Amino acid sequence: MDKKTITAMLLAFMVVKTPVTLAEAQAYAQPQIIEANAASEAHITENIKNTIDKTNTLTTEEKAAAVMAQYHKQLEEEAIRIKAEEEARLTRENVSRTQSLVSAGLSAEFVNQYVKASAQYGVPWQVIAAVHYTETGQRGSTVVTSYAGAQGPMQFMPSTFAAFAVDGNGDGVTDINNVDDAIMSAANYMASNGAASGDVTNALYRYNHDMGYVYHVLGIAQSLGFK
């Protein structure tokens, strides 16, 4: 094969970056081929080598980028799936809690507050609901006050509330008469007295120093599924 043909094939490969046949190379490069000496052929060969190396590098990078893109897509899809499953689980559990409350003759109006307080302080939601029912029949925000001076939907003594008050609705205020604040504060108080670590009896006794009260609340909590 003469130098013109070799040069034609090398030039054609440099332009199209794919292998070409002899006929294709000659057809492409013949009008512009000049006599090539050894130096020019070496230069062309080096350029082709560099082009091939660069092409291979880009191809590897592109493949890596495609793999990473697919990986991130799978991660996103997995996150969406997990979130959907978690939402479905929470919905099922809330339906179950609602059914438990209604079956026991209680209102399910504040089930979300019970669950939120339970999640934050580790006190069984059934116990929180039972205290709320026992204290005020599950009243919402109220200024009702007992003869002993206990106030609000969870019947806190003002001094006790001040020590364990929690802003349950995020309005920046802790209000003894607000149902969200009162429920969250009651969970905090019971958790501080052992309910979060399993000593619900002591927590209830500290809430009201009467074992009859403790057994009454426990009975209601058990009817809601507390064990």
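Values in this document were obtained by computation on a predicted structure and should not be read as measured data.
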**Report entry** Check: Tyr189 main-chain N/O paired with Tyr207 side-chain donor or acceptor under 3.5 Å
**Finding:** no
Query raised in the report: Under 3.5 Å, side chain of Asp167 to main-chain N/O of Asp171, donor-acceptor pair present?
Result: yes
Query raised in the report: Got Met184 and Asp180 here, is their nearest side-chain heavy-atom distance under 4.5 Å?
Result: no
Query raised in the report: Charged N to carboxylate O under 4.0 angstrom, Arg89 versus Glu93?
Result: yes
**Report entry** Lys116 side chain to Gly168 backbone, donor-acceptor under 3.5 Å
**Finding:** yes
**Report entry** Check: Asn188 main-chain N/O paired with Ser192 side-chain donor or acceptor under 3.5 Å
**Finding:** yes
Report task. Indicate yes or no: does Arg81 engage Glu77 in a salt bridge with an N to O separation below 4.0 Å. Result -> no
Query raised in the report: Hey, does the side chain of Ser118 reach the backbone of Val123 with a donor-acceptor pair shorter than 3.5 angstrom?
Result: yes
Query raised in the report: Among side-chain atoms of Glu135 and Tyr213, is any donor-acceptor pair under 3.5 angstrom?
Result: yes
Query raised in the report: Between Ser185 (side chain) and Asp181 (backbone), is there a donor-acceptor pair under 3.5 Å?
Result: yes
Query raised in the report: Does OH in Tyr133 sit with more than 12 non-hydrogen atoms of other residues, nucleotides or ligands closer than 6.0 Å?
Result: no
**Report entry** Exercise: identify the closest heavy-atom pair between Asp210 and Tyr205
**Finding:** N-CE1, 3.6 Å
Query raised in the report: Any donor-acceptor pair under 3.5 Å linking the side chain of His132 with the backbone of Gly137?
Result: no
